[in-house]
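Working notes, beginning with the structure itself.
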2 protein chains.
Amino acid sequence: MRADARSNHERILAAARALFASDGADTQVDAIARRAGVGVGTVYRHFPDKDALMGALVRERFIAFNEQLREAISKGEQQPFAALCEALRANSTALAEDAGTRFAFMRGGERVFAHAHDEVEEYLALTNVLVDRAKRAGSVRPDFDVADVPMLMCGVCATIDAGKGGAGWDWRRHLELVLAGMAAAVAEPSVTSGGTP
Amino acid sequence: MRADARSNHERILAAARALFASDGADTQVDAIARRAGVGVGTVYRHFPDKDALMGALVRERFIAFNEQLREAISKGEQQPFAALCEALRANSTALAEDAGTRFAFMRGGERVFAHAHDEVEEYLALTNVLVDRAKRAGSVRPDFDVADVPMLMCGVCATIDAGKGGAGWDWRRHLELVLAGMAAAVAEPSVTSGGTP
DNA sequence: CTGGATCAGGAATGGTGGTTCCGCTTACGT
DNA sequence: ACGTAAGCGGAACCACCATTCCTGATCCAG
């Protein structure tokens, strides 16, 4: 690969990172090219289409997520629930700065995730370690499942996206409520039935 | 207003109701016109633009929401928390059949909600009755706020939308988790700090 | 230094979908 | 029955964007 090509590849990724992060999937390829200081054609020389470009960034993000998870796993052996919460908070905070990955979580489906298949798989495996540990410690409701985590994160993503819309909106509140719900069953086994204490 | 015009108005609304419900905001105006058996021009004679048409349907939906809330309020005096949960479950179930209103919750912002301002206001007021009651009964965490409800519903909407994407995804689980979180603080005041029991 | 393979640029293409416009049709009061 | 205001249809318009393609520039091996 020629040296100038490699440098352009980086510039394109950097531009896309910045623009997808702030504008999400609406970001136009032309804008990315302009910001990278190259022509549109060059963008398409390096990535087959827009989805692939987004996919590359989503992949990066999941690698970062997995790093955060590994850290939580190694630090939180004594306090499994706290470790799980910390990891999810860290993931969410990162998501708050990355509209592109939020989009992938919510609407991207296979189209974008396909480019990060392995990383997503690892993400689930790592999360499972934390969830399992907390379940064994009895601090997470037994009917909770790892597959619920992306679902909950998807909800948080929506809250972040809509967040500019109104006073009193704070995705952190949403997240804390959800974390509380994960644990609640221990103290309150039959909330599902809707009974008043 | 001429009789045929009134009838067309209804047909357009009905067609839009069906299509927005299943396809969400992607629904094309041409498709609505075709289904209603009229020309596009006629659609635009009755509604200034696509947003106004969606807005009219969102308005209808909120009127239905408010009906559900009033019912929960009158039936649930003895079990405030159960009443609140029932109302939110009913709202969510309706939302699951209405991609248009989900869109409005998540991305529509003022553009769509503007057409249903009064109804949304009433929605918040009625929800507040249920929340307040449950809080006074001590079954909902004291730091909970009515303004959090639309935020949580927004999360549920995202889950519903993404729901076709994977096994193990079930917006009902999401909702129940959130409901549990609303109440959890009573039994577990410091979940936020992340401690293991 | 130079040939040719690699790469870049950006105007042009093509498809999509909201909105407008205007000649024709229809309902309905008199 | 008729005149006219209200209503209708749908082709045409336009803005927007991803993607392509071809000409000219650029690297670097030999």
Side-chain angles (χ1 to χ4, degrees), chain A residues 1-58 99-100 103-104 107-112 114-115, chain B residues 1-58 99-100 103-104 107-112 114-115:
Chain A
M1 194 184 210
R2 251 165 62 175
D4 57 341
R6 191 183 355 269
S7 126
N8 274 338
H9 191 88
E10 286 312 314
R11 296 158 67 97
I12 291 167
L13 270 177
R17 192 152 35 227
L19 290 175
F20 277 135
S22 61
D23 301 350
D26 308 334
T27 306
Q28 289 158 232
V29 178
D30 291 39
I32 294 170
R34 209 173 319 121
R35 173 154 184 154
V38 303
V40 237
T42 305
V43 173
Y44 281 92
R45 161 171 297 274
H46 289 269
F47 299 91
D49 58 26
K50 198 183 175 183
D51 286 341
L53 181 46
M54 255 189 91
L57 296 174
V58 168
F103 173 84
R107 228 163 318 288
E110 285 314 300
R111 216 173 71 224
V112 175
H115 299 275
Chain B
M1 195 183 207
R2 252 164 61 172
D4 56 341
R6 192 181 356 269
S7 126
N8 274 338
H9 191 89
E10 287 311 315
R11 296 157 67 95
I12 291 167
L13 271 177
R17 192 154 35 229
L19 290 174
F20 277 135
S22 61
D23 302 350
D26 307 333
T27 305
Q28 288 158 231
V29 178
D30 291 41
I32 294 170
R34 208 174 318 122
R35 173 156 186 152
V38 303
V40 238
T42 306
V43 174
Y44 280 93
R45 162 169 296 274
H46 288 270
F47 300 91
D49 58 25
K50 198 183 175 184
D51 286 341
L53 180 46
M54 257 190 90
L57 296 174
V58 169
F103 173 83
R107 227 163 320 288
E110 285 315 300
R111 216 172 72 221
V112 175
H115 299 273

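Every chain is numbered from 1, with letters handed out A, B, ... down the list of sequences.
Residues of residues 44-53 of chain B that place a heavy atom closer than 4.0 Å to DNA chain D, in numerical order, are B/Arg45, B/His46.
What separates CZ of B/Arg111 from P of C/dG18 is a distance of 11 Å, to the nearest Å. For A/Met54 and D/dA18, the CE to P distance is 12 Å, given to the nearest whole Å. When the C1' atom of C/dG18 is taken as reference, atom CZ of B/Phe20 falls 12 Å away, rounded to whole Å. In this structure, the NE2 atom of B/His9 is 18 Å from the P atom of D/dA6, given to the nearest Å. Computed from coordinates, the A/Asp26 CG to D/dA18 P distance equals 9 Å when rounded to whole Å.
Between its opening and closing five pairs, the helix from C/dC1-D/dG30 to C/dT30-D/dA1 changes axis direction by 0°, a value rounded to 10 degrees.
In this structure, B/Thr27 reaches the sugar-phosphate backbone alone: every heavy-atom distance under 4.0 Å involves primed, P, OP1 or OP2 atoms, never a base.
Note that the CG atom of B/Asp26 and the CG atom of B/Leu19 stand 11.5 Å from one another [nearest 0.5 Å]. Atom CG of residue B/Leu53 and atom CZ of residue B/Arg17 lie 10.0 Å apart, to the nearest 0.5 angstrom. Interatomic distance, CZ of A/Arg2 versus OG of A/Ser7, reported as 11.5 Å (0.5 Å rounding).
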Whether each nucleotide of nucleotides 24-30 of chain D has a protein heavy atom under 4.0 Å at its base (B), only at its sugar-phosphate (S) or at neither (-) is summarised, 5' to 3', as --BSS--
Nucleotide by nucleotide, 5' to 3', does protein get under 4.0 Å of the base (B), only the sugar-phosphate (S), or neither (-) in nucleotides 9-16 of chain D, counting heavy atoms?
BBB-----
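Under the side-chain hydrogen bond (donor to acceptor under 3.5 Å, both in side chains) criterion, A/His115 pairs with no residue at all, not counting sequence neighbours.
Pairs engaging residues 32-49 of chain A under the side-chain hydrogen bond (donor to acceptor under 3.5 Å, both in side chains) rule: A/His9-A/His46 [sequence neighbours left out].
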